[in-house]
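Note on naming: letters A, B, ... go to the chains in the order of the sequence lines (proteins, then strands), and numbering restarts at 1 for each one.
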Amino acid sequence: MEDVVNEPENEPASEQDQASRRKDKLFRLRHSTAHIMAQAVVEMMPEAKLAIGPPIADGFYYDFELPRSLSDADLVEIESRMQKIIKGNHDFVRTSMSRDEAKKFFGEKEQGYKLELIDGIADEEMSIYTQGGFVDLCAGPHVGRSKACKHFKLLSVAGAYWRGDSTRPMLQRIYGTVWPTKEELDTFLEIKEEAKRRDHRRLGKELDLFSFHPYSPGAAFWHPSGLILYEELVRYWRELQKTAGYMEIRNPLIYDSELYAVSGHLDHYAQHMFTLECEGRTMCLKPMNCPDTMLFYKTKKRSYRELPMRVAETQTLHRNELSGALSGLTRCRQFTQDDAHIFATMDQIQDEILALLRMVHDTYALFDLDYRLYLSTRPADFMGELALWDQAEKALEQAIEKAGKPYHVNEGDGAFYGPKIDIYIRDSMGRMWQCATIQLDFQLPERFELEYVGADNAVHRPVVIHRAVFGSIERFIGVLLEHLAGAMPTWLSPQQAIFLPINDDCAAYCEKIAADWRAKGVRAEVDTRPEKMGYKIRLAELAKIPYMLVAGAKEIESGTLSLRTYKDGPRGELSVSEIETELLSRIAQRTLDVNIKKFDLDAFVDVEDLDAEAKEY
RNA sequence: GCCUGCAUAGCUCAGUCGGUAGAGCACUUCCUUGGUAAGGAAGAGGUCAUCGGUUCAAAUCCGAUUGCAGGCUCCA
């Protein structure tokens with residue numbers, strides 16, 4: 001096959017080289033397709049002002065200022081114009097202009113955004129790419145000829161601020177995707193479809209787990225089935241805390257704003273806090289647990305013998321997120337963190353971090369969730385002593401090395417109050433979600449003047465570690481639903497077993513076993529509706545119930561049940577005790593008894609391109 | 001918050017040119033007692049998100065509001 005994408009001449013063999021070659025190839029392809037799209041848009045609307053058009057993780061976009069809003073119908077027209085340009089198989093030609101030439105050229109075309117870009121370029125020589133008469137300021141590189149870009153599709157139109165600055169004009173952004181082959185394009189589009197099917201908002205409705213109501217935007221109504229999921233996760237979390245030496249507390253929800261003046265949140269976070277007036281005082285719904293946990297610590301004089309002191313709290317939090325930022329369970333105004341604060345000495349940090357990394361690993365392994373670690377170090381605007389930071393960063397790095405999991409370092413990306421380890425889960429669309437987080441905090445102990453009495457009988461200041469494993473329970477459930485496509489392992493499943501009697505004569509047999517199992521903690525029901533087997537099976541399958549148990553005269557006779565599982569389909573007639581043993585063991589062991597269909601996005605997505613998400617504390 | 005789009009029965013969606021609303025599933029009742037993804041019949045269910053405007057007449061056209069979606073921004 002003719003390869004019109006520029007390829008390096010040599011033939012590197014290593015996997016890493018291959019990966020980087022592919023990355024380079026995709027980069028060129030996407031960047032070039034963005035140019036072709038811009039050409040088509042300018043053809044259609046000569047008044048269009050061009051901003052920027054870079055390649056992104058799974059495609060490209062280009063930002064325009066246009067005389068009118070684009071519709072989906074416009075996308076169709078732009079696509080067909082692009083097809084024409086691509087068929088022309090134009091060369092991408094690199095030339096250059098001096099700063100003045102470029103200013104004159106783009107000035108005459110009234111391309112103000114390009115002029116602004118030129119002003120931002122240090123080099124005196126401007127790199128220019130031309131294809132089929134379309135000229136753009138661009139560092140490149142590009143493909144050789146436009147034909148390489150034929151497997152593309154425009155995806156959506158969206159608003160985007162010029163230079164990402166909300167005080168600057170809102171431009172129109174067109175997103176598209178492009179792949180070297182038709183197969184890859186089709187696969188990508190299929191994955192997008194599948195992701196839509198397993199969107200947690202859709203599954204939440206289908207499985208009757210939760211809902212939202214306009215009267216309380218950004219806050220979930222947990223339905224009975226959803227609440228079971230929620231409570232099972234929290235139950236697991238409690239067990240985990242207990243074995244790891246945590247104590248659990250429960251603090252109030254509403255505090256005098258003075259608390260947040262002390263913690264420093266009022267300066268930075270006031271706009272995100274819900275407040276209410278009460279007898280002349282301003283009260284705040286708490287947006288995080290840290291400040292009030294500090295109050296708990298201070299309720300008595302602490303000794304070094306109590307450290308490390310691990311204090312957990314799951315209390316409802318409220319954050320007044322911008323209405324446009326809300327999204328299902330993954331971005332709520334009301335949510336719950338599986339939060340804990342560890343009060344420790346500097347010497348204890350490394351062991352604590354290591355234990356936390358193991359806790360996160362074990363928890364995510366329960367669901368076969370892929371995750372990545374990012375170590376964020378001292379930022380420019382850090383507070384506290386330099387030596388403290390150095391010591392802490394070293395402790396974090398050593399812990400992370402000991403944990404043996406690869407990680408990336410984000411230099412200077414730490415919070416001003418301390419370095420941190422961010423843990424990102426990848427969801428079904430390849431999006432990264434910050435769920436777990438481990439953050440050191442030198443500032444909070446200062447602000448609250450935390451102390452403990454050391455072995456030397458002198459007063460010392462502890463360090464605080466903030467940490468969450470699930471992150472927010474709401475977000476974690478959202479991610480989990482999409483990851484598992486709604487089919488929960490038996491231990492988590494809202495309904496674990498359903499009995500399907502063939503006819504009324506078999507109902508009593510089923511009821512008896514079901515009652516026995518319920519007494520043993522199994523969530524089991526009997527479907528006594530006068531419906532045919534096929535119908536009952538269908539409903540049980542749609543509800544994704546792990547254990548389906550069919551009983552007729554045959555089974556009653558032999559004291560068995562015909563087992564069908566969501567995971568494996570029909571498994572035939574088995575003794576009641578055999579099934580019970582397996583079921584109880586899977587629940588007790590928290591077995592991951594599901595088929596996980598993973599999208600192979602690794603081949604497509606540049607995982608290094610991580611949009612830094614949420615610093616939740 | 002900003003840009004664009006969407007809002008019709010519990011759910012998924014039709015609804016032509018502006019002429020007072022329709023399907024499937026779910027629900028209720030009845031019939032059917034059956035063997036691994038939909039048995040049959042009947043019934044009930046809607047202030048077409050809300051408010052306002054245009055019009056003889058608005059689900060339909062216009063405006064505002066609310067919510068949702070995709071983005072942007074934000075995310076101690």
Sugar-phosphate only, base, or nothing, as touched by A/Glu555 at under 4.0 Å among non-hydrogen atoms: base
Presence of A/Ser156 side-chain N/O under 4.0 Å of B/G70 phosphate oxygens OP1/OP2: no
B/A58 versus B/U16 - spacing of their C1' atoms, nearest Å: 16 Å
OP1 or OP2 of B/G70 under 4.0 Å from side-chain N/O of A/Arg201: yes
Spacing of A/Ile174 atom CD1 relative to B/C3 atom P, expressed in whole Å: 18 Å
Gap in Å between the two P atoms, one belonging to B/C48 and one to B/U29, rounded: 29 Å
Under 3.5 Å side-chain donor-acceptor pair for A/Tyr175 and A/Arg173: yes
Set of residues satisfying side chain to side chain contact (heavy atoms under 4.5 Å, CB included) with respect to A/Ala34, sequence neighbours excluded: A/Phe60, A/Tyr62
Atom NZ of A/Lys298: over 12 foreign heavy atoms under 6.0 Å: yes
Reference residue A/Phe442; test ring pair (Phe, Tyr, Trp, His ring centres under 6.0 Å); the match among A/Trp389, A/Phe382, A/Tyr417: A/Trp389
Touch class at under 4.0 angstrom, heavy-atom based, for A/Gly164 against every strand present: sugar-phosphate
Touch class at under 4.0 angstrom, heavy-atom based, for A/Ala551 against every strand present: nothing
Among B/G34, B/G35, B/G71, the nucleotide that comes nearest once only the side chain of A/Lys532 is considered: B/G34
Quiz item: A/Arg168 side-chain donor-acceptor pair to B/C2 base, under 3.5 Å: no
Gap in Å between the two P atoms, one belonging to B/U12 and one to B/C17, rounded: 26 Å
Sugar-phosphate, base or nothing in reach of A/Ser562, heavy atoms under 4.0 Å: base
Separation between the C1' atoms of B/U73 and B/C3, rounded to whole Å: 11 Å
Touch class at under 4.0 angstrom, heavy-atom based, for A/Glu531 against every strand present: base
A/Gln496-A/Trp517 side chain donor-acceptor pair, cut-off 3.5 Å: no
Side chain of A/Asp504 (C-beta onward), nearest among B/C68, B/A38, B/G34: B/G34
Distance in angstrom units between A/Ile556 CD1 and B/G34 C1', rounded: 14 Å
Length of the CG-C1' vector between A/Leu326 and B/C75, whole Å: 12 Å
Side chain of A/Tyr161 - closest among B/U73, B/C68, B/G34: B/U73
Protein-nucleotide distance (A/Lys196, atom NZ; B/C68, atom P), rounded to Å: 19 Å
Residue pair A/Thr490 / A/Asp593, side-chain donor-acceptor N/O under 3.5 Å: yes
Under 3.5 Å side-chain donor-acceptor pair for A/Glu582 and A/Tyr547: yes
CH2 on A/Trp433 to CD on A/Glu482, rounded to 0.5 Å: 8.0 Å
Rounded distance in Å between the P positions of B/G19 and B/U4: 29 Å
Side-chain donor-acceptor contact under 3.5 Å, A/His466 with A/Asp441: yes
Residue mapping more 5' on RNA chain B - nearest nucleotide basis, A/Ser263 or A/Ser69: A/Ser69
B/C51 and B/A14, which share atom name C1', separated by this distance in whole Å: 27 Å
Pairwise C1' distance for B/U20 and B/G24, with rounding to whole Å: 25 Å
Touch class at under 4.0 angstrom, heavy-atom based, for A/Ser323 against every strand present: base
Among B/U4, B/A69, B/A37, the nucleotide that comes nearest once only the side chain of A/Glu541 is considered: B/A37
Residue A/His272, side-chain heavy atoms: nucleotide from B/C74, B/G34, B/C11 that is nearest: B/C74
Touch class at under 4.0 angstrom, heavy-atom based, for A/Gly264 against every strand present: base
Nearest to side-chain heavy atoms of A/Leu542, which nucleotide of B/A37, B/U33, B/A26: B/A37
Sugar-phosphate only, base, or nothing, as touched by A/Gly324 at under 4.0 Å among non-hydrogen atoms: base
Length of the CG-C1' vector between A/Leu322 and B/U73, whole Å: 8 Å
Out of B/C72, B/A26, B/U12, whichever nucleotide has its closest atom nearest the side chain of A/Tyr535: B/A26
N/O donor-acceptor pair, side chain A/Arg173 with base B/C3, under 3.5 angstrom: no
RNA chain B: 5'-proximal contact among A/Asp199 and A/Lys554 (nearest heavy atom): A/Lys554
Interatomic spacing from OG in A/Ser263 to OH in A/Tyr269 - rounded to 0.5 Å: 11.5 Å
Residue A/Pro530, side-chain heavy atoms: nucleotide from B/A69, B/U73, B/U32 that is nearest: B/U32
Touch class at under 4.0 angstrom, heavy-atom based, for A/Lys536 against every strand present: nothing
Secondary-structure stems for RNA chain B, with pairs counted as Watson-Crick or G-U when both distances are under 3.5 Å and runs at least 3 long: B:1-7 with B:66-72, B:10-13 with B:22-25, B:27-31 with B:39-43, B:49-53 with B:61-65
Integer-rounded Å distance: B/U73 P and A/Trp162 CH2: 13 Å
Nucleotide B/U50, atom P - distance to OH of A/Tyr215 in whole Å: 11 Å
Side chain of A/Arg564 - closest among B/U36, B/C74, B/G39: B/U36
Phosphate-side-chain proximity, A/Arg319 and B/C75, N/O vs OP1/OP2 below 4.0 Å: no
Selected nucleotide, minimal atom distance to A/Met533 side chain, candidates B/C74, B/C3, B/U36: B/U36
Touch class at under 4.0 angstrom, heavy-atom based, for A/Ala160 against every strand present: sugar-phosphate
Separation of B/C68 P from A/Phe210 CZ (nearest whole Å): 13 Å
B/C2 and B/U65, which share atom name P, separated by this distance in whole Å: 9 Å
A/Met44, CE: over 12 other non-hydrogen atoms inside 6.0 angstrom: yes
